[in-house]
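In what follows, a structure is listed as structure tokens, so that the remarks can point back to it.
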Amino acid sequence: MAAAGPTAVLSSGKTMPLLGLGTWQSKSEEVLNAVKVAIDTGYRHIDTARVWGNEKEVGQAIKEKIGEGKIKREDVFLSSKLFTSFSRPENVRECMTQSLADLGLDYVDLYLIHSPLSFKYGSSPFSGTPEEVFDDVDYVDTWKAMEPFVDEGLAKSIGVSNFNSQQLERLLQNCRIKPAVNQVELHPYLAQQDLVDFCKRNNVLLTAYSALGAPARPKVFASGEEEPVLMEDPSVVAIAKKYGKSAAQVLIRYQLDRGVSVIPKSVTPSRIQANFDVMNFSLSKEDLATLAGLDRNLRYLNGERFSTHKYYPY
């Protein structure tokens, strides 16, 4: 695969670019151009999900770039995710089929269980009280319903998202096809080094979302306490100044230097381009240690709303 930037070979044998464009919260009218800018910039990894409602535009952007001769389909590593209300084995294929239809593609390169949590078929996790829509589907059963997608070529690799090490260990012990990726929140304030080490030991590639500290979110916790802004942390700012880079570029490079994939999101062309401009430097061991020392187990996206679910991972 013609990929720009560092890559990793997954347990499936497929090659995955470590730096990708995230599209969470990217509005449909903005994400089309964002993906096209990303591809023109050199990104060859695009991350989307059924629940985000922008798969049509993501697929359209890829098809337009293929039509222009900029890329071939095999040059782009595209990941999508199984929505949690399709967790029952009998509903898994429906979700995959809908995603492929909206994307306008024959296959995805990576298909993830979006969360170990499950919700009743046809429901939204964000309406009503959580308990009203909770389902208790075992994520192992969901996984087993996804494995045939690899056999059929609908997904080149499969993996999970938001799984803790105990859940991942249980899945590893009860699967036919090993999960290739675990996508979780990772940044210096939430280093999750134990999970990083566990995944490396088991040849499961970690992908970091919210690697910049989820800057688009409200800056106040539910308790009323003000959230710390990761990109304004004095240590991050000092390291950025040292390398002549932005705080965002340092935080992206931090994950790459840890051997972790990272998918910063943006719909702003200049930021998309700047986020990719991290190939010409690496952080020193001392700077990596400084960033690791910022860990405060701060999870910006803790899903507290769902904390009573049987499989709540945090």
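Just so you know, residue 1 is the first one in the sequence shown, and it goes up from there.
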Quick test of your reading: applying salt bridge (charged side-chain N to carboxylate O under 4.0 Å, His left out), list the pairs with at least one residue in residues 273-282, sequence neighbours left out, ordered by first then second residue. K245-D277
For residues 230-239, dump all side-chain donor-acceptor pairs below 3.5 Å to protein atoms at least two apart in sequence or in another chain.
{"unit_1": "D233", "atom_1": "OD1", "unit_2": "S235", "atom_2": "N", "d": "2.9"}
{"unit_1": "D233", "atom_1": "OD2", "unit_2": "Y189", "atom_2": "OH", "d": "2.6"}

Ignoring hydrogens and angles, write down the donor-acceptor pairs under 3.5 Å from the side chains of residues 85-92, residues two or more places apart or on other chains.
{"unit_1": "S87", "atom_1": "OG", "unit_2": "T84", "atom_2": "O", "d": "2.7"}
{"unit_1": "R88", "atom_1": "NE", "unit_2": "D135", "atom_2": "OD2", "d": "2.9"}
{"unit_1": "R88", "atom_1": "NH2", "unit_2": "D135", "atom_2": "OD1", "d": "2.9"}
{"unit_1": "R88", "atom_1": "NH2", "unit_2": "D135", "atom_2": "OD2", "d": "3.4"}

What orientation do F134 and F119 show, parallel under 30°, tilted 30 to 60°, or perpendicular over 60°? tilted
Hey, would you say the H187 and Y254 ring centroids sit under 6.0 Å apart? no
Here the pair of heavy atoms bringing P130 nearest to R305 is CG-O, 3.2 Å
Nearest non-hydrogen partners of V181 and V204, listed with the distance: C-CG1, 3.8 Å
For side chain to side chain donor-acceptor pair (under 3.5 Å), just list the numbers for Y121 and E94, CA-CA rounded to whole Å, side-chain angles, deciding distance to a tenth of an Å, and then say yes or no. CA-CA 11 Å; Y121 176 71; E94 178 185 347; 2.8 Å; yes
Donor on one side chain, acceptor on other, S99 and E55, under 3.5 Å: yes
Looking only at heavy atoms, what is the nearest atom pair of T15 and F77, with distance? O-CD1, 3.5 Å
Might you confirm whether atom NZ of K241 has over 12 heavy atoms from other residues, nucleotides or ligands at distances under 6.0 Å? no
Quick check: is V76 connected to W52 through a chain of hydrophobic side chains (ILVMFWY, heavy atoms under 4.5 Å apart)? yes
On the 0 to 90° scale, with breaks at 30° and 60°, tag the Y311-Y139 ring pair as parallel, tilted or perpendicular. perpendicular
Can Y111 be reached from L206 by stepping across I, L, V, M, F, W or Y side chains whose heavy atoms are under 4.5 Å apart? no
K242 and D287: CA distance, side-chain angles, deciding distance, salt bridge (Lys or Arg N to Asp or Glu O under 4.0 Å) verdict: CA-CA 10 Å; K242 171 183 174 181; D287 292 329; 2.8 Å; yes
Give a yes-or-no answer on whether the side chains of S246 and Q249 include a donor-acceptor pair shorter than 3.5 Å. yes
Answer yes or no: is there a side-chain heavy-atom contact under 4.5 Å between V184 and T207? no
Pairing of K65 and D40 as salt bridge, 4.0 angstrom limit: yes
Going by the salt bridge (charged side-chain N to carboxylate O under 4.0 Å, His left out) test, which pairs reach into residues 152-162, not counting sequence neighbours? R93-E152
Taking all atoms of both residues into account, what is the closest heavy-atom pair of F163 and L168, and its distance? CD2-N, 4.2 Å
Regarding Y314 and E185, is there a side-chain donor-to-acceptor distance under 3.5 Å anywhere? no
Could you tell me the separation between the NZ atom of K14 and the OG atom of S12, rounded to the nearest 0.5 Å? 6.5 Å
May I ask whether Y300 and V260 are part of the same hydrophobic cluster, defined by side-chain heavy atoms of I, L, V, M, F, W, Y residues being less than 4.5 angstrom apart, directly or through others? no
Show your working on side chain to side chain contact (heavy atoms under 4.5 Å, CB included) between D102 and R50 and close with a plain yes or no. CA-CA 9 Å; D102 282 350; R50 179 74 196 164; 2.7 Å; yes
Got a sec, which residues hit side chain to side chain contact (heavy atoms under 4.5 Å, CB included) with D257, two or more places apart in sequence or on another chain? R253, S282, L283, L288
Taking 4.0 angstrom as the limit, do R73 and D106 come out as a salt bridge? no
Here the pair of heavy atoms bringing H309 nearest to S118 is NE2-O, 2.9 Å
Go through T308 and E131 one step at a time and tell me if the side chain to side chain donor-acceptor pair (under 3.5 Å) criterion holds. CA-CA 8 Å; T308 58; E131 288 76 15; 2.7 Å; yes
Checking D47 against S79: is there a side-chain donor and acceptor pair closer than 3.5 Å? yes
Within a strict 4.5 Å, meaning less than it, do heavy atoms of the N162 and Y312 side chains meet? no
Taking only residues two or more places apart in sequence, or in another chain, which ones meet R170 in a salt bridge (Lys or Arg N to Asp or Glu O under 4.0 Å)? D138
Heavy-atom pair with the smallest gap, counting every atom of Y107 and G153: CB-O, 3.2 Å
Taken to the nearest 0.5 Å, the spacing of L21 CG from I46 CD1 works out to 4.5 Å
Do N54 and T48 meet the criterion of a side-chain donor-acceptor pair at a distance under 3.5 Å? yes
Given the rule that I, L, V, M, F, W and Y join up when any side-chain heavy atoms are under 4.5 Å apart, are L298 and L251 in one cluster? yes
